[in-house]
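Heads up: the structure comes next, in structure tokens.
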Amino acid sequence: MLNFIKNFKNDEDGAVTVDWVVLTAAIVGLGIAVLASVSSGTTDLAGKISSNLMSQSVGG
């Protein structure tokens, strides 16, 4: 049993996994923040493009 505790204490695989989980969560959070800040601008721009295209006449 004592050997098991020593091996568990020296095992660092779980620490690496926790690091990757934290980094992945930070990247996902950053992506969501960028998406939230950009989405209203792109929606407005798409509306302006749509109205401009609708006002154009075809043929001539």
Side-chain angles (χ1 to χ4, degrees):
M1 183 70 171
L2 186 61
N3 195 19
F4 173 76
I5 293 172
K6 286 181 183 179
N7 288 338
F8 181 76
K9 186 179 101 178
N10 293 332
D11 188 13
E12 295 183 4
D13 289 339
V16 173
T17 302
V18 170
D19 290 343
W20 277 108
V21 167
V22 170
L23 286 172
T24 304
I27 291 170
V28 168
L30 182 62
I32 290 172
V34 168
L35 180 65
S37 66
V38 172
S39 65
S40 65
T42 55
T43 303
D44 292 341
L45 181 61
K48 289 177 184 178
I49 291 171
S50 175
S51 64
N52 191 358
L53 289 173
M54 291 295 228
S55 67
Q56 300 296 317
S57 63
V58 179

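The shown structure was predicted, so the numbers you read here are calculated from the model rather than taken from an experiment. These numbers come from the heavy atoms of this one structure, side chains and all, not from hydrogens, waters or symmetry mates.
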Item checked: Residues clustering with Val21 (ILVMFWY side chains joined when closer than 4.5 Å, directly or via others) ->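 Joined to Val21, directly or through intermediates: none.
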Next item on the list: Sort and list the pairs that fulfil side-chain hydrogen bond (donor to acceptor under 3.5 Å, both in side chains) and have at least one residue in residues 18-35, not counting sequence neighbours.
Entry: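 Counting only pairs at least two positions apart or across chains, no side-chain hydrogen bond (donor to acceptor under 3.5 Å, both in side chains) contact touches residues 18-35.
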Notebook entry, point to check: Under the side-chain hydrogen bond (donor to acceptor under 3.5 Å, both in side chains) test, which residues partner Asn52, sequence neighbours left out?
Noted result: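 Partners of Asn52 by the side-chain hydrogen bond (donor to acceptor under 3.5 Å, both in side chains) criterion, ordered by chain and then number, come out as Gln56.
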Got a list of side-chain donor-acceptor pairs under 3.5 Å for residues 38-46, not counting sequence neighbours?
residue, atom, partner, partner atom, Å
Ser39, OG, Leu35, O, 3.3
Ser39, OG, Ala36, O, 3.4
Thr42, OG1, Val38, O, 3.4
Thr42, OG1, Ser39, O, 2.9
Thr43, OG1, Ser39, O, 2.8

